[in-house]
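In what follows, every heavy atom counts, from backbone to side chain, and hydrogens, waters and symmetry copies are set aside. It should be emphasised that the depicted structure is a prediction, and the values quoted were computed from it without experimental measurement.
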Amino acid sequence: METTGGIQASLSGRYAVALFDLARDGNALDTVAASLGAIKGAIAESADFRSLINNPVLSRDAAGKTIAAVASSMGIDALTTKFLGVLAANRRLSQLPAVIRAYETLLSNHKGEVRAEVTSAHPLDSNQITALQQNLRTRVGREVALDAKVDPAILGGLVVKIGSQMIDSSIRTRLNSLAHAMKG
């Protein structure tokens, strides 16, 4: 079993490990990752989807049928659809974002990659992402998988987190440092 960083210690981690093992056994690691990426996007973009996975009054049966219909309409693979049904049956759909993060970590470890969380003020285009990956690969000595987020509050620049290391070159942080230095 390829667990690291105590992933199995959490409930979401145990579900992620189970899904990862099934996907690895079925040679579907990347297929499941793509499906989870689509679900992650839906969680980020759709308030209705977020309310579905976080609805405590929805019956197990109704949650299962609804999540199956959503998965079908999104073109989610069979293994991931079945997994979503298990989460619904166990009333664990609210754990889905944490399960996705844990699965991504397991997949990166399996591929020998490091995961980096990158926050920018504006969406990065593919050329910027490629250049950033190359720069980070040089810095850490391994392949880097990026989780890109957008936060207009940082004003500009980037905030990069790799494990416990953070590189903050955001304009907001620079302005705060300057204001602090001017106060004396």
Side-chain angles (χ1 to χ4, degrees), residues 1-120 123-126 129 133 142-151 160-163:
M1 193 171 298
E2 299 178 28
T3 59
T4 60
I7 286 177
Q8 263 192 308
S10 68
L11 177 66
S12 57
R14 290 191 299 273
Y15 278 104
V17 168
L19 178 59
F20 181 84
D21 288 345
L22 289 170
R24 185 183 54 214
D25 294 346
N27 289 326
L29 288 171
D30 291 331
T31 303
V32 170
S35 291
L36 292 177
I39 293 166
K40 184 178 181 179
I43 292 170
E45 296 169 12
S46 171
D48 289 339
F49 191 70
R50 279 191 306 277
S51 107
L52 165 69
I53 67 171
N54 291 308
N55 188 338
V57 296
L58 199 59
S59 73
R60 293 171 197 254
D61 187 50
K65 287 178 181 173
T66 305
I67 201 73
V70 168
S72 175
S73 71
M74 291 176 66
I76 301 300
D77 70 280
L79 176 58
T80 306
T81 300
K82 195 176 209 177
F83 177 75
L84 292 172
V86 169
L87 288 179
N90 293 334
R91 294 193 159 283
R92 300 290 187 221
L93 282 174
S94 63
Q95 294 289 314
L96 195 50
V99 169
I100 293 170
R101 281 191 304 276
Y103 183 90
E104 289 171 339
T105 300
L106 289 166
L107 185 60
S108 290
N109 291 341
H110 178 73
K111 292 180 174 182
E113 299 173 330
V114 174
R115 291 203 78 73
E117 183 180 300
V118 178
T119 305
S120 60
L124 300 174
D125 65 34
S126 61
I129 289 173
Q133 282 177 313
R142 289 175 39 186
E143 290 297 317
V144 178
L146 296 181
D147 291 324
K149 295 180 181 180
V150 176
D151 180 4
V160 180
K161 292 180 188 172
I162 302 174

Please list, chain by chain and in numerical order, all residues satisfying side chain to side chain donor-acceptor pair (under 3.5 Å) with [X], sequence neighbours excluded.
X    : value
K65  : D61
E104 : K40
R101 : none

- request: May I have the step-by-step check of side-chain contact (heavy atoms from CB on, under 4.5 Å) for I76 and V70, ending in yes or no?
  value: CA-CA 9 Å; I76 301 300; V70 168; over 6 Å; no
message: Can you tell me how far apart CZ (R92) and OH (Y15) are? Round to the nearest 0.5 Å.
response: 5.5 Å
message: Using 0.5 Å steps for rounding, measure from the CG atom of L96 to the CG atom of L52.
response: 9.5 Å
Mind listing the closest non-hydrogen atom pair of [X] and [Y] along with its distance?
X    : Y    : result
I162 : A116 : CG1-CB, 3.7 Å
G13  : A102 : CA-CB, 4.3 Å
A62  : T66  : O-OG1, 2.7 Å
F49  : I67  : CE1-CD1, 3.8 Å

field: Donor + acceptor pair across side chains of S35, D77 (<3.5 Å)
entry: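 Indeed, the side chains of S35 and D77 share at least one donor-acceptor pair under 3.5 Å.
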- prompt: Donor-acceptor pair, R142 side chain versus E113 backbone, under 3.5 Å?
  reply: yes
- request: Measure from the side-chain N and O atoms of R50 to the backbone N and O of A44, and report whether any donor-acceptor pair falls under 3.5 Å.
  value: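 Yes; at least one donor-acceptor contact below 3.5 Å.
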- request: With side-chain contact (heavy atoms from CB on, under 4.5 Å) as the test, would you mind laying out the steps for D30 and L107 before giving the verdict?
  value: CA-CA 9 Å; D30 291 331; L107 185 60; 4.2 Å; yes
- request: Please identify each residue that fulfils salt bridge (charged side-chain N to carboxylate O under 4.0 Å, His left out) with K149, with sequence neighbours left out.
  value: E117
query: Quick one: which of L19, V99, L84 gives a side chain to side chain contact (heavy atoms under 4.5 Å, CB included) with L36?
result: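 Single side chain to side chain contact (heavy atoms under 4.5 Å, CB included) partner of L36 among L19, V99, L84: L19.
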message: Could you work out, with side chain to side chain contact (heavy atoms under 4.5 Å, CB included) as the rule, every residue matching I129, not counting sequence neighbours?
response: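 Scan of I129 (side chain to side chain contact (heavy atoms under 4.5 Å, CB included), adjacent residues dropped) gives L124, Q133, L146.
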Contacts of type side chain to side chain contact (heavy atoms under 4.5 Å, CB included), residue A78, not counting sequence neighbours: none
